[in-house]
Amino acid sequence: MAAEKTFYLETFGCQMNVVDSERIVDSLKQIGYRQVSLVEDAGLILLNTCSVRDKAERKVYGHLGSFKPLKADNPALIIGVGGCVAQQEGERLLEKLPFLDLVFGTHNVHKLPEMVQAVEKNRVRCLETDFLDRETRLALFPRRTEGDMVSRFVTVMQGCDNFCSYCVVPHVRGREISRPSAEILAEIEELSAGGVREVTLIGQNVNSYGARIEGELSFAALLAAVQAIDGIERIRFTTSHPRDLSGELIAAFATLDKLCLHIHLPVQCGSDRVLKLMNRGYTRAGYLDRVRRLKEVAPEIRLTSDIIVGFPGETEEDFAATLDLVAEVRYADVFTFLYSPRPGTAAAELSDDLPAAVRQERFDRLLALQESIGRQVWAADVGAVLPVLVEGESRQGEGQIFGRTTWNRIVNFPGSPELIGRTVPVRILRSNKNTQLGEIVI
Ligand code: 5AD
Ligand code: SF4
């Protein structure tokens with residue numbers, strides 16, 4: 001009997017990679033592989049990687065290095081890298097890591113089974129990092145309708161044309177393309193028929209969905225069409241570029257009752273001078289005006305954001321403007337990042353003499369401010385009874401289930417797995433740093 005084929009897959013980075021990993025799992029199963037959760041049990045080890053920040057990239061090299069001894073013990077082991085680091089580094093990965101067998105870029109996930117089989121058969125080393133043309137990309141758009149999950153990501157667009165000066169995404173994911181709305185809606189209908197109750201429409205900048213296609217729905221119109229699909233109870237989307245947040249989309253928070261009251265609207269910085277250097281295409285006042293209009297149409301809405309600290313040449317005054325904006329918006333959550341230069345980006349060419357200690361000190365100040373605001377925002381829920389869509393059994397232990405509130409916060413509470421897929425009223429008893437504890441109200 002032939003030995004069983006097993007693979008271990010680890011995913012880093014954004015939702016795009018999560019969706020690509022789902023496709024990797026499916027396609028490897030089709031060629032007879034079974035997924036395992038321990039790297040030691042695997043005959044094939046894959047990392048789906050992220051290169052958006054230097055730290056993410058370094059992690060990949062460190063991680064791959066740790067597989068080297070496994071290969072020494074088992075020469076038949078196959079080791080591969082996909083995602084943004086694979087796209088960016090390509091051949092260099094194979095040169096630097098002699099034990100690595102295959103490298104597949106962001107447009108080449110569909111080639112993986114073929115590559116794995118080529119390594120199995122001939123022990124060749126494979127590299128596929130070509131960008132594909134529009135038609136081929138559209139035909140290969142990730143879609144998935146099987147599975148028994150309550151909440152799913154649906155990819156509506158891929159790539160990014162914004163070229164924010166610090167960002168590697170347009171370089172490693174390629175140009176922006178939107179998927180035809182008819183296909184998106186058909187997928188969501190199928191998902192709904194299979195028991196999915198919540199969809200999150202994803203793309204690097206969903207707000208520019210359809211903008212370049214004659215006759216295509218706007219993103220707000222796409223959301224309205226999803227709202228009309230029976231069985232779907234909740235709609236979310238991510239990520240939004242503030243510049244492209246239209247009045248029509250803002251209004252959707254009032255008119256579409258399935259649209260959850262949360263928007264991730266990365267501001268990156270509160271200083272006009274730095275926003276310009278970042279090539280973000282909006283001003284502080286323009287951003288704050290959008291926030292005001294969002295809160296006007298949907299007073300309960302909660303915002304989250306991404307902020308980069310220590311962009312080249314950031315002054316104390318620039319940074320103070322960021323702190324001030326954070327205090328004004330009162331975000332529910334902020335993902336704070338230390339700036340790191342990325343290969344091939346415009347910002348990497350800027351002179352940068354900000355001492356690391358100054359960057360770190362600013363980072364810590366921002367974190368402390370946001371922690372105190374976030375604590376207050378989430379503490380306000382204690383005592384409230386909120387609708388929670390139950391997603392699964394909780395990692396908190398036996399008899400515990402979990403779901404999310406409209407604000408995308410996970411709530412753990414005692415309950416039967418039979419409730420999975422249902423929306424139940426839950427009284428919030430405690431707000432921890434990232435999750436809440438509650439009890440069902442009968
Ligand atoms: N350095 C630091 N943070 C970055 N991000 C993107 N590129 C960089 C970089 N070079 C952050 C942005 C973006 C998030 C996904 O990662 O805040 O919104
Ligand atoms: Fe990067 Fe800007 Fe595109 Fe977001 S919008 S992926 S930050 S280039």
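What you are looking at is a predicted structure, and each value in this text was computed from that prediction instead of being measured. Atoms within each ligand, like the ligands themselves, are counted from 1 in listed order.
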Residues [X] and [Y] bridged, charged N to O under 4.0 Å:
{"X": "Asp306", "Y": "Arg280", "answer": "no"}
{"X": "Arg58", "Y": "Asp54", "answer": "yes"}
{"X": "Glu176", "Y": "Arg212", "answer": "yes"}
{"X": "Arg125", "Y": "Glu91", "answer": "no"}
{"X": "Arg359", "Y": "Asp352", "answer": "yes"}
{"X": "Arg365", "Y": "Glu316", "answer": "yes"}
{"X": "Asp333", "Y": "Arg302", "answer": "no"}

Looking only at protein heavy atoms, which one is nearest to [atom], and what is the separation?
{"atom": "atom 16 (O) of ligand 1", "result": "Arg53 NH1, 2.6 Å"}
{"atom": "atom 7 (N) of ligand 1", "result": "Tyr166 CD1, 3.3 Å"}
{"atom": "atom 5 (S) of ligand 2", "result": "Asn162 ND2, 3.3 Å"}
{"atom": "atom 1 (Fe) of ligand 2", "result": "Cys167 SG, 2.3 Å"}
{"atom": "atom 12 (C) of ligand 1", "result": "Gln268 OE1, 3.4 Å"}
{"atom": "atom 3 (Fe) of ligand 2", "result": "Cys160 SG, 2.2 Å"}
{"atom": "atom 6 (C) of ligand 1", "result": "Val52 CG2, 3.5 Å"}
{"atom": "atom 7 (S) of ligand 2", "result": "Tyr166 OH, 3.3 Å"}
{"atom": "atom 18 (O) of ligand 1", "result": "Asp306 OD2, 2.6 Å"}
{"atom": "atom 1 (N) of ligand 1", "result": "Ser340 N, 3.0 Å"}

Can you sort out which atoms of ligand 2 are near [X], meaning under 4.0 Å from one of its heavy atoms?
{"X": "His241", "result": "5 (S)"}
{"X": "Pro170", "result": "8 (S)"}
{"X": "Gln204", "result": "6 (S)"}
{"X": "Arg280", "result": "2 (Fe), 7 (S)"}

Non-hydrogen atom of Arg173 closer than 4.0 Å to ligand 2: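 Outside the 4.0 Å threshold, so no.
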
Sub-4.0 Å heavy-atom approach of Leu338 to ligand 1: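 Yes, that is the case, since the closest heavy atom of the residue is under 4.0 Å from the ligand.
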
Stacked cation flag Arg53 on Phe337, 6.0 angstrom / 45 deg: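 Yes.
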
Is it the side chain (CB and beyond), the backbone, both or neither of [X] that lies under 4.0 Å from ligand 2, heavy atoms counted?
{"X": "Cys164", "result": "both"}
{"X": "Asn205", "result": "neither"}
{"X": "Pro266", "result": "neither"}

Other residues, nucleotides, ligands: >12 heavy atoms within 6.0 Å of Lys59 NZ: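 No, the 6.0 Å shell around NZ holds no more than 12 heavy atoms from other groups.
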
Flag if over 12 foreign heavy atoms under 6.0 Å of CD, Glu361: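 Atom CD in Glu361 is packed in, count exceeds 12.
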
Aromatic centroids of Phe219 and Phe237 separated by under 6.0 Å: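 Ring centres of Phe219 and Phe237 closer than 6.0 Å.
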
Main-chain N/O of Gly270 paired to Thr322 side chain as donor or acceptor, under 3.5 Å: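 Judged by distance alone, yes, a pair lies under 3.5 Å.
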
